[in-house]
Amino acid sequence: MTLIDKTFAPADFEQRWYAHWETSGAFRPARPDAKPYTIIIPPPNVTGSLHLGHALDNTLQDVLIRYHRLKGLDARWVVGTDHAGIATQMVVERQLAESSQGTTRQAMGRDAFVDTVWEWKAVSGGQITQQLRRLGASCDWANERFTMDDGFNKAVTRVFVQLYNEGLLYRDKRLVNWDPKFKTAISDLEVEYREIDGHLWHFRYPLEDGSGFIAIATTRPETILGDGAVAVNPDDPKMAHYVGKRCRLPLVDRLIPIITDPYVEADFGSGAVKITAAHDFNDFEVYKRHPEAAIPLINLMNPDATMSDACPPDYRGLTREAARAKVIADFDALGLLDKVEPHKHQVPYGDRSGVVIEPYLTDQWYVNAAELAKPALAAVRSGETQFVPKTWEKTYFNWMENIQPWCVSRQLWWGHRIPAWYGRDPKAWTEESRISGTSSRHEDTYFVALTEFDARRQAARAYAKSIDQIVVLDSYDMVWDRSLRGIDPEGTEFLFRDEDVLDTWFSSALWPFATLGWPVENAVTPAKAGAHRANDGAGDDGVEMGSRLRGGDDNKGANDAAEPILKPGDPGYDLARHYPGDVLVTGFDIIFFWVARMMMQGEHFMDGVAPFKTVYCHGLVRDAKGAKMSKSKGNTVDPLVLVDKYGADALRFTLTAMESQGRDIKLDEKRVEGYRNFATKLWNAARFCQSNGIAGGGALPEATHAVNRWIIGEVAATARALDTAMAAFRFDTFADTIYQFVWNRFCDWYLELTKPLLAEGADAATAAETRAVTGWALDRILVMLHPVMPFLTEELWHKLGSREHDLIVAEWPDADAIPTDAAASADIDWLIGLVTEVRSARNEINVPVGTKLGFSVEGAGDLTDRRLAANREALERLARIVPMAGAPLDRGRVQLVYGDATYSLPLEGVIDLAAERTRLTKSAEAAEKEAASLAGRLASPGFVEKAKPEAIDKARADHAARSAEAERLRAALARLG
RNA sequence: GGGCGCGUAGCUCAGCGGUAGAGCACUGCCUUCACACGGCAGGGGCCACAGGUUCAAACCCUGUCGCGCCCACCA
């Protein structure tokens, strides 16, 4: 217990407290006998740095974690980082290019490059986790994970192999979204469509029989070189005479059929569509629908989107843009370019590379997402997992119901290498297939295995060899190395491992269980826990895996005893106790990328138990004007700059207060400043208390004084309101509630009203009681504010008393256990109202603040008389009025009507009669208007018949009160003369 | 082309069936012994528009007009 400094300087103590919490183990789950509460962090990119989106996401999580920790639950915030395949590889490659050597990953070779990425991760990988600490995030750092640590790698491989063995993961040759910059496949989700002002070119293809031409229209002339057919709508009479004929593809001189397909719209373009099966998703579907037409798949491009050797010689090696220009020019030269029209259309771009995506025919690994989606959909439909706000469920359903196969292989080096080994296959192992790089490798023989040894064992069986005769080569290329082939051409079979890695989201999808030690042998299966949970019914969160794990000693149910007893540290304990997570907090923008995939994998690998009970989706953080923050726009705000300037608590409070469901956050620095002021306010209030001999840590005494009984009741009401807000994930309400209580109740009224009780010469017993109650209330404030402002509250907690434990593990107030006194509350509310009325009247009539006025009362009932007597001192000090002996004066007075009485405040000299008349008239009219409205309601037959009885009673009472008030105001006006 | 969301005080947003609210900004007064990062008081709103349901609508329904986002194969 030390003196509180005069100035509030958060930088003085924030980092000190964080270090203390972390080293003391406060972030670790330490209550094995309590119900667990688990949040799994959305893992930030390992090499990233904190932006406001992270700040929001993690503040909300920390509020939840700290609140539930205070509630006595065994809180655990599982933390770690993501290797972020394409993003990280991109950064390192750029650094290599910019470095003094100016090298590329290709020049370095795979192993050296991957080593470099690991080195870079070692250097910059701790940045974001340190930044999360600055924010105050109470993560369980002792068990920090990484998506490429040993355990996680094991999980990823296990999932891949199992899905493959179950037929849910397969290799397929089809069109993918190909990024020519990174030379890798990407998923549908990584493509963003931009509308561009393009052109629609109309070309003519001569008919084989010389009877004329058929016109086609296209936005992509360069793909003409790969056309395998022309299609028209079957019901288009204008086109009927073409059907069944063939035309000659100019420039290539290939005969191609004219076919019908309903996909063609008769009234668009020329009414005929060129079919380029290997370069257009629609055309590929046409190809599959028309095997009889024998449409060829011609791969026109190299992986970098230059034109391939499948093109006529003049085109080979050209960029796609150059090839387009040349095709147009060549058609024009032949007189076959009909026209060009401007045409707005959508063009796919890679979300990371920013280049135009090419539909490209390759072999890739796919996950049967439609199958995995079924239980994931059911989990949300049944309410096992709930989205908050609920509106996002529709988005989830819509996407999951129309889900496409998920391409999970990436032609990158940074990531989880695909656990598949190819053997040699007579069909595929030709010089030709090697050169094109686009062979039908899906027809190869391959072995999917957990380990290389297992792959060799499978190969040995397949080739009828001994395992020693199976040699794994480092790469595909080595197979063609003559010296290697010479090793033992007779007896040896070669395998080489798939060169590709997995989509980052493939591993992210396992985050909720792989972080908890999955796969674990001999573990408790959560399936049982899930079944129990389902039976318990919604709303009963009393039975959890945690309670079961300690052997049913809480007597929640007889079946508990049947469950295996696991202790902390046992294999499988973490998984059984912390899966599924209670809440996932994340941005709505990654529902598809991540949430949906976690739901699918969680359902599949955790025996049908969804990974979370609640998915809380928040909005995006935008700048003060509502623009999306981006580095290129230069409108980003560094959260740490705000932390330095205003303190982490102020930033946290701002983000919490502004988080209302279903809306993006427009962050204005003024708000942060305002909440810093709030922190200062509390700081000063605590300093004031301390200087008055008030300390924390004491028990709540039996209070006799009304103002003390009142504040106790206010604490209870606040705690209750906070509980309600948190249960509904209303972060804004939570912040507002504690803000209003601290500032507008505790500081503005309670501390002011109790000043005389603590003053020299005051009654000793009352002073002691008041000190105890104030100390108790201030302690409750610190606890209730702690989830949002952890640093400030912990600092004050220790400054205000010597404590048995830190605030972070204190006990949240139980609203129901706090005594409340309705009469005392009504008394103080009455006093506050009267003081406010008097101040308002004085102000409007321009009575100097310092002037003390006498006052007389008419019409006061017993209750009012008693209250006036009891609060004589407060009225004198706060309203600056003192009771006046004798009959009220008739002239020169200010009158106000409050409750059942009319108060007159005589003024020396002349008062501004006009101003007073205006004031009273305004009040009278307001009361009359309201009385009239209430009267109208009471007079309408529908209201009396249909409204709730309470509503009717309240309307009657209000009407009576307001009518009386209006009457007395009119009387006061009349007396004014 | 579908779907979702939003239009409430100058600004940012709560409220979502029973007398229009908060923070900031603004105005006046106050350096009163916790706090000027403060205190007290105040001004300011046909709750986008038009219909409808209801005893009662900012709130529910329909439509219109603006703004934003997501999904979708018109070459």
Side-chain angles (χ1 to χ4, degrees), chain A residues 4 6-8 193 200-201 216-220 223 231 263-265 267-276 280-286 343 345-346 389 391-392 394-395 398-399 402 588-589 591-592 619-620 624-626 646 650 654 657-658 660 662-668 670-671 673-692 730 732-733 736 739-740 747-748 751-752 755 835-836 839-844 846-850 877-878 926 929-934 936-948 951 954-955 958 962:
Chain A
I4 298 172
K6 188 160 168 50
T7 53
F8 163 61
Y193 287 87
L200 191 59
W201 285 272
I216 59 96
T218 182
T219 55
R220 301 207 54 200
T223 64
Y263 141 69
V264 182
E265 301 214 2
D267 51 4
F268 183 84
S270 64
V273 181
K274 64 194 251 347
I275 301 300
T276 319
D280 184 283
F281 288 101
N282 292 313
D283 294 1
F284 189 69
E285 295 304 311
V286 173
H343 180 60
H345 59 116
Q346 304 274 320
T391 174
W392 292 112
K394 285 180 214 145
T395 307
N398 185 51
W399 190 68
N402 299 293
F588 65 82
D589 51 326
I591 291 175
F592 302 148
L620 269 34
K625 294 186 192 113
Y646 303 105
T654 307
M658 296 190 74
S660 51
R663 230 186 230 265
D664 286 348
I665 290 180
K666 291 179 197 163
L667 190 76
D668 186 344
K670 298 288 285 182
R671 286 295 285 264
E673 190 186 332
Y675 290 122
R676 187 273 320 268
N677 295 351
F678 171 67
T680 307
K681 182 77 180 179
L682 177 61
W683 181 269
N684 282 307
R687 199 158 63 88
F688 168 77
C689 289
Q690 191 179 50
S691 71
N692 277 281
R730 287 309 302 250
D732 53 349
T733 307
D736 285 348
Y739 182 100
Q740 299 294 341
C747 291
D748 286 352
L751 292 184
E752 293 303 328
K755 275 176 182 173
V835 169
T836 305
R839 282 170 169 172
S840 178
R842 292 175 56 115
N843 240 297
E844 283 183 45
N846 291 318
V847 178
V849 176
R877 196 165 44 84
L878 301 178
K929 188 182 159 203
E930 203 183 313
S933 150
L934 288 161
R937 194 188 304 171
L938 287 163
S940 93
F943 179 72
V944 187
E945 285 161 25
K946 297 172 194 169
K948 287 182 216 150
K954 186 176 184 312
D958 286 353
R962 299 301 268 158

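Throughout, protein chains are lettered first and strands after them, A, B, ... in sequence-line order, and every chain is numbered starting at 1.
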A.B. asks: Using Watson-Crick or G-U wobble geometry with both distances under 3.5 Å, which nucleotide pairs with B:G1?
C.D. replies: B:C71

A.B. asks: Which nucleotide, B:C70, B:C35, B:A14, lies nearest any side-chain atom of A:Asp732?
C.D. replies: B:A14

A.B. asks: Which of these nucleotides, B:C13, B:C37, B:C55, is closest to any side-chain atom of A:Lys946?
C.D. replies: B:C55

A.B. asks: Base, sugar-phosphate, or nothing: which does A:Arg220 touch, judged by heavy atoms less than 4.0 Å apart?
C.D. replies: nothing

A.B. asks: Between A:Asp280 and A:Asp283, what is the shortest heavy-atom contact and its length?
C.D. replies: OD1-N, 3.0 Å

A.B. asks: When both hydrogen-bonding distances must be under 3.5 Å and the geometry is Watson-Crick or G-U wobble, what is B:C33 paired with, if anything?
C.D. replies: none

A.B. asks: What's A:Ala685 touching, base or sugar-phosphate or nothing? Going by heavy atoms closer than 4.0 Å.
C.D. replies: base

A.B. asks: Using a heavy-atom cut-off of under 4.0 Å over every strand shown, decide if A:Phe268 touches base, sugar-phosphate, or nothing.
C.D. replies: base

A.B. asks: Give one of base, sugar-phosphate or nothing for A:Arg687, where a contact means two heavy atoms less than 4.0 Å apart.
C.D. replies: sugar-phosphate

A.B. asks: From C-beta outward on A:Asn843, which listed nucleotide comes closest to its side chain: B:G39, B:G28, B:C55?
C.D. replies: B:G28

A.B. asks: Record whether the side chain of A:Lys681 comes under 3.5 Å of the base of B:C35 through a donor-acceptor pair of N or O atoms.
C.D. replies: yes

A.B. asks: Provide the distance between the two C1' atoms, one in B:G7 and one in B:G15, to the nearest whole Å.
C.D. replies: 15 Å

A.B. asks: Within the 4.0 Å heavy-atom criterion, would you say A:Ser691 contacts the bases, only the backbone, or no part of the nucleic acid?
C.D. replies: nothing

A.B. asks: For A:Trp201 and A:Thr219, which heavy atoms make the closest approach, and how far apart are they?
C.D. replies: CZ3-O, 3.7 Å

A.B. asks: Just checking A:Lys954: base, sugar-phosphate only, or nothing, at a heavy-atom cut-off of under 4.0 Å?
C.D. replies: nothing

A.B. asks: Nearest heavy atom decides the nucleotide; on that basis, is A:Gly936 or A:Ala686 closer to the 5' end of RNA chain B?
C.D. replies: A:Ala686

A.B. asks: Compare every heavy atom of A:Ala217 with every heavy atom of A:Ser270, then report the nearest pair and how far apart it is.
C.D. replies: OG-N, 3.5 Å

A.B. asks: Does any nucleotide pair with B:G51 by Watson-Crick or G-U wobble geometry, both distances under 3.5 Å, and what is it?
C.D. replies: B:C61

A.B. asks: Of the listed nucleotides (B:A75, B:C4, B:G23), which one gets closest to any side-chain atom of A:Thr391?
C.D. replies: B:C4

A.B. asks: Suppose we define a pair by two distances each less than 3.5 Å, Watson-Crick or G-U wobble; what does B:C6 pair with here?
C.D. replies: B:G66

A.B. asks: Distance to the ring centre below 6.0 angstrom and angle to the axis at most 45 degrees; does that hold for A:Lys681 and A:Tyr739?
C.D. replies: no

A.B. asks: Report yes if a donor N or O on one partner sits less than 3.5 Å from an acceptor N or O on the other, where the partners are the side chain of A:Arg676 and the base of B:C37; otherwise report no.
C.D. replies: yes

A.B. asks: Between B:A75, B:A14, B:A34, spot the one nearest the side chain of A:Arg730, thanks.
C.D. replies: B:A14

A.B. asks: Walk me through it: do A:Phe688 and A:Ile4 pass the test side-chain contact (heavy atoms from CB on, under 4.5 Å)?
C.D. replies: CA-CA 9 Å; A:Phe688 168 77; A:Ile4 298 172; over 6 Å; no

A.B. asks: Do A:Glu752 and B:A34 share a donor-acceptor pair, side chain to base, under 3.5 Å?
C.D. replies: yes

A.B. asks: Considering only side-chain heavy atoms of A:Arg671, which listed nucleotide, B:C6, B:C55, B:G23, is closest?
C.D. replies: B:G23

A.B. asks: Within 45° of the six-membered ring axis of A:Tyr646 and under 6.0 Å from that ring's centre, is NZ or CZ of A:Arg676 located there?
C.D. replies: no

A.B. asks: Can you tell me the Watson-Crick or wobble partner of B:C26, both distances under 3.5 angstrom?
C.D. replies: B:G42

A.B. asks: Provide the distance between the two P atoms, one in B:A56 and one in B:C13, to the nearest whole Å.
C.D. replies: 34 Å

A.B. asks: Could you pick out which residue, A:Lys670 or A:Met658, lies toward the 5' side of RNA chain B when each is mapped onto its nearest nucleotide?
C.D. replies: A:Met658

A.B. asks: Please report the distance separating the C1' of B:A25 from the corresponding atom of B:A34, rounded so that it comes out in whole Å.
C.D. replies: 26 Å

A.B. asks: With the side chain of A:Lys394 defined as its heavy atoms from C-beta on, choose the nearest nucleotide among B:C4, B:G18, B:A34.
C.D. replies: B:C4

A.B. asks: NA contact type, A:Ser933, heavy-atom cut-off 4.0 Å: base, sugar-phosphate, or nothing?
C.D. replies: nothing

A.B. asks: Quick one: which of B:A34, B:A41, B:C74 gets closest to the side chain of A:Ser840?
C.D. replies: B:A41

